[in-house]
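Just so we're on the same page: letters track the sequence lines, and every chain starts at 1.
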Number of protein chains: 2
Amino acid sequence: MARVIAEREDVIPMLAEVFRTYGFEGASLARITEQTKLGKGSIYHFFPGGKEEMAEAVLAHVDAWFKQHVFEPLNESADAAAGIEAMFDEVGRYFQSGRRVCLVGVFALGNERDRFSDQVRDYFSAWIDALAAALVRTGRKPEDAMALAEEVVGGIQGALVLARAFDRTSVFTDTLHRLRGRLSVSQN
Amino acid sequence: MARVIAEREDVIPMLAEVFRTYGFEGASLARITEQTKLGKGSIYHFFPGGKEEMAEAVLAHVDAWFKQHVFEPLNESADAAAGIEAMFDEVGRYFQSGRRVCLVGVFALGNERDRFSDQVRDYFSAWIDALAAALVRTGRKPEDAMALAEEVVGGIQGALVLARAFDRTSVFTDTLHRLRGRLSVSQN
DNA sequence: GTCTATAAAGCGATAGAC
DNA sequence: GTCTATCGCTTTATAGAC
């Protein structure tokens with residue numbers, strides 16, 4: 001029997017999947033050990049602080065992913081419109097066309113928000129601010145850009161709810177398509 | 001000490017608050033008895049089926065409320081536009097300007113969805129269908145009405161996520177205002 | 001780094017007195 | 001209808017062997 005030695009970094013995505021699916025309280029050690037194929041001893045070796053530390057690590061991991069793949073391209077792309085297009089592509093892939101929910105969105109709706117309020121707020125702030133800044137660089141007025149960015153990020157979160165409710169990915173992909181169009185056309 | 005005799009109907013709104021806040025798994029009997037000020041004996045007297053039956057009752061209660069205050073006005077109001085206006089008013093009040101989250105939305109995102117998939121799907125279906133029908137009566141084409149209705153209901157769900165994340169009701173009220181405007185103006 | 005054994009607390013649910 | 005006591009199970013977390 002080939003025993004695989006795990007590293008902390010390898011465990012975090014699996015933890016993320018459990019927290020995403022069951023929330024903080026629902027992410028029991030039983031579910032975690034099942035998903036990671038690791039004993040409690042290993043889990044607590046990586047995360048001595050228990051579930052709290054696991055959730056912190058998962059939130060940091062999600063934040064780092066979005067920073068690298070979404071926020072920074074939005075902020076730094078020479079072509080702002082291209083950065084926005086890339087955002088929709090990455091987001092569609094990340095959420096698996098609506099099959100995967102947003103961990104931070106789940107935490108925001110639940111009582112997890114009180115425990116992780118900073119991480120939840122900062123994630124959505126960074127996203128909306130980066131998108132608004134890119135929209136300004138495409139020629140939008142700052143107030144309009146901010147409102148549009150909130151509409152897009154909120155629209156994505158809502159589409160995830162509906163896609164789950166109907167178990168139909170088209171609700172999510174259609175929404176991405178609609179929002180994408182709204183940002184590229186009418187400069188009202 | 002004045003003991004108050006409770007009725008099942010009185011308990012359901014309190015249960016709803018607990019399920020809304022903590023989800024199905026997080027709604028422990030301890031939290032439920034604290035919220036309702038009732039012992040476990042009383043709770044199980046009203047709901048012999050346990051938490052499952054409690055959640056069913058809560059979902060039915062939410063559905064009945066929306067039927068009465070939102071779906072039927074949308075479907076039956078002689079003036080379709082007035083029914084839509086009433087929807088925004090009622091929804092803004094019901095969600096307490098974004099301070100209260102949507103129980104069905106929480107269930108949709110969590111693993112509760114698998115257990116209560118019918119109720120979750122039917123709630124959003126009824127809402128979207130009623131809104132789309134009202135939009136058709138204001139002169140929209142059926143396909144456009146359906147897409148708009150999904151955009152509005154999804155937008156509301158997403159706004160609840162953002163309002164919670166930022167702990168700022170204006171995100172929700174501004175979104176309601178924007179969506180309201182979108183339905184009454186441009187007939188594109 | 002991995003595992004098993006174990007502790008203490010919390011869980012949903014039931015029984016039975018009042 | 002309400003309560004307390006109790007059961008059996010699961011929970012998070014720790015200890016210690018390997």
| message | Need one value for A/Gly39: base, sugar-phosphate or nothing, where a base atom within 4.0 Å counts as base even if backbone is also close, heavy atoms only. | response |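 Contact class for A/Gly39: sugar-phosphate only.
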
| task | Scan B/Gly50 against the nucleic acid and name what it touches under 4.0 Å (heavy atoms): base, sugar-phosphate only, or nothing. | result |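 Counting heavy atoms under 4.0 Å across all strands, the contact made by B/Gly50 is with sugar-phosphate only.
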
| field | Sequence neighbours excluded, every pair satisfying side-chain hydrogen bond (donor to acceptor under 3.5 Å, both in side chains) that has a member inside residues 122-137 of chain B | value |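 Non-adjacent pairs meeting side-chain hydrogen bond (donor to acceptor under 3.5 Å, both in side chains): zero.
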
| request: Output the single nucleotide from C/dT2, D/dT12, C/dG12 whose closest atom is nearest the side chain of A/Lys51. | output: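 From the listed options, D/dT12 comes nearest.
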
| From the list C/dG1, D/dT14, C/dG12, which nucleotide is the closest neighbour of the side chain of A/Phe46? |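 Nucleotide nearest to A/Phe46's side chain: C/dG1.
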
| task | Look at the rings of A/Phe166 and B/Phe124 and say which category their plane angle falls in: under 30° parallel, 30 to 60° tilted, over 60° perpendicular. | result |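 It falls in the perpendicular class, over 60°.
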
Given atom [atom1] of [X] and atom [atom2] of [N], what is their separation to the nearest angstrom?
X	N	atom1	atom2	value
A/Lys40	D/dT12	NZ	C1'	7 Å
A/Glu7	C/dG1	CD	P	8 Å
A/Phe47	D/dT14	CZ	P	15 Å
B/Tyr22	C/dC11	OH	P	11 Å
A/Phe19	D/dT12	CZ	P	9 Å
A/Leu15	D/dT12	CG	C1'	15 Å
B/His45	C/dA15	NE2	P	16 Å
B/Glu25	C/dG12	CD	P	10 Å

| query | Given C/dC3, is OP1 or OP2 found less than 4.0 Å from the side-chain N or O atoms of A/Ser42? | reply |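 Yes, within the criterion.
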
Under a 4.0 Å threshold between the charged nitrogen and the carboxylate oxygen, would [Y] count as salt-bridged to [X]?
X	Y	value
B/Arg121	A/Asp167	no
B/Glu112	B/Lys51	no
A/Arg180	A/Asp89	yes
A/Glu17	A/Arg31	no
A/Glu53	A/Arg8	yes

| query | So how far off straight is the helix from C/dG1-D/dC18 to C/dC18-D/dG1, going by the axes through five pairs at either end, to 10°? | reply |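 Terminal axis comparison yields 0°.
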
| remark: Comparing nearest nucleotides in DNA chain D, the 5'-proximal residue of the pair A/Ala30, A/Pro48 is A/Ala30

